Amino acid sequence: MMLSDSHSTTPSAAGMVYIVGAGPGAVDLLTLRAYDRIQRAEVVVHDRLIAPEVLALIPRAAVRVYVGKASGDHAVPQEGIHDLLVEHARAGRRVVRLKGGDPYVFGRGGEEVQALQAAGIAFEVVPGVTAAGGCAAAAGIPLTHRDLANSCVFLPGHMAEGNSPLDWAALARPGQTRVFYMGVQRLAQIAHQLIAHGLPPDTPAAIVRDGTRASQTVFATGLSALVAQAPAYGPQPGLLIIGETVRLCPEFRPVAASSPE
Ligand SMILES: C[S@@+](CC[C@H](N)C(=O)[O-])C[C@H]1O[C@@H](n2cnc3c(N)ncnc32)[C@H](O)[C@@H]1O
């Protein structure tokens, strides 16, 4: 099976790089196209957040290269990843660059494409289910809703620190769902900024950890209560969703009227 239509350049005898989104974890959220490219890979360069069930689909004969990144711990620096992709492709190999979620959503897929273009390497980008879509569906939180939120914004939570470039006044306005990637460990700063810019402290908010996986947990309540009560940050990936649609999550527990917020 060879499907087309992704963002790609023409394959050449000099090898090809497939930048493939592996989705948020559940193996059956992998697209057919992603599955196909993995099955035909000779080299797979992969990240930390790829679920073991997805890694199990890599052919035995393929060379696996782990370049995982945890916060502050880069197994291979980004430029080293570019060099690896270019080297393997120049040696004529079919290379899959396997990334969590979607390669173009906080995944540095854009930088990898630029590096391949600069080196004249043929490539294809295969989209994946991004964490926001996967976690929202798995936790019962619509990202938009005609009555509650007519827009949704994806944000990099690690930019909530110091002189944050995020437009907090715009983000505090009603009628939108805010999804923070890499934001769980900055929950207190994010909540502080939003509330300081006018967001009501009891705005529904949720943390979805290990979204779509068997180990998924969801904690949903008012934003200030979430800051006070959310379980400690751990190694599992976690997504922070803030907005009125979180009220529809089956795990949502509103803050009792008498409890201090
Ligand atoms: C570097 S970003 C990569 C995002 C990825 N490209 C995507 O489209 O989902 C990693 C962040 O995505 C979020 N994330 C990824 N998978 C997740 C999951 N299964 N459950 C919750 N959050 C997840 C977490 O916020 C994590 O810190």
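Please read all numbers here as calculations on a predicted model, not as lab measurements. In listed order, ligands and their atoms are each counted from 1.
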| message | Does any part of the side chain of His46, heavy atoms only, come nearer than 4.5 Å to the side chain of Tyr66, both counted from C-beta? | response | yes

| field | Close N or O approach (Pro24, ligand 1; < 3.5 Å) | value | yes

| said: To check your reading of the model: name the closest protein heavy atom to atom 11 (C) of ligand 1, its residue, and the distance in Å. | reply: Met182 CG, 3.9 Å

| field | Ligand-residue contact atoms, ligand 1 with Cys135, heavy atoms, under 4.0 Å | value | 20 (N), 21 (C)

| Does the side chain of Arg97 come within less than 4.5 Å of Val67's, by heavy atoms? | yes

| For atom 6 (N) of ligand 1, which protein heavy atom lies nearest, and how many Å away is it? | Val105 O, 2.7 Å

| How close does the nearest protein non-hydrogen atom get to atom 10 (C) of ligand 1, and which residue and atom is it? | Leu49 CD1, 3.9 Å

| Taking everything shown except His145 itself, do over 12 heavy atoms lie less than 6.0 Å from its NE2? | yes

| task | For atom 24 (C) of ligand 1, grab the closest protein heavy atom and report residue, atom and distance to one decimal in Å. | result | Gly238 O, 3.3 Å

| task | Report the nearest protein non-hydrogen atom to atom 17 (C) of ligand 1: residue, atom name, distance rounded to 0.1 Å. | result | Pro237 CB, 3.6 Å

| request: Kindly confirm or rule out an N or O of Val129 lying under 3.5 angstrom from an N or O of ligand 1. | output: no

| request: List every atom of ligand 1 that sits less than 4.0 Å from any heavy atom of Asp210, numbering the atoms from 1 in the order shown and giving each element. | output: 19 (N), 20 (N)

| Applying a 4.0 Å heavy-atom criterion (strictly less than), which segment of Ala132 is in contact with ligand 1: side chain, backbone, both, or neither? | neither

| task | State whether the side chain of Gln193 and the backbone N or O of Gln189 hold a donor-acceptor pair below 3.5 Å, judged by distance alone. | result | no

| field | Numbering as shown, the atoms of ligand 1 that approach Val208 to under 4.0 Å (heavy-atom distance) | value | 21 (C)

| field | Polar proximity ligand 1 side, Ala131 side, N/O cut 3.5 Å exclusive | value | yes

| Do any nitrogen or oxygen atoms of Gly211 lie less than 3.5 angstrom from nitrogen or oxygen atoms of ligand 1? | yes

| Which bit of Val184 gets closer than 4.0 Å to ligand 1, counting heavy atoms only: side chain, backbone, both or neither? | neither

| field | Numbering as shown, the atoms of ligand 1 that approach Thr130 to under 4.0 Å (heavy-atom distance) | value | 7 (C), 8 (O), 9 (O)

| field | Side-chain touch Leu98/Asp47, heavy atoms, less than 4.5 angstrom | value | no

| query | Within the side chain of Glu42, is there an N or O that forms a donor-acceptor pair under 3.5 Å with the backbone of Arg94? | reply | yes

| field | Protein contact to atom 5 (C) of ligand 1 [nearest heavy atom, distance to 0.1 Å] | value | Gly100 O, 3.2 Å

| Any side-chain heavy-atom pair of Tyr35 and Val54 under 4.5 Å | no

| task | Using modelled atom types only, decide if a donor and an acceptor are shared between the side chain of Arg178 and the backbone of Leu171 within a distance under 3.5 Å. | result | yes

| task | For Phe106, take its heavy atoms, then give the atoms of ligand 1 lying under 4.0 Å from any of them. | result | 1 (C), 2 (S), 3 (C), 4 (C)

| message | Counting non-hydrogen protein atoms only, what is the nearest one to atom 12 (O) of ligand 1? Give residue, atom name and distance. | response | Tyr181 CD2, 3.4 Å

| query | Does a side-chain heavy-atom distance below 4.5 Å link Leu85 with Phe123? | reply | no

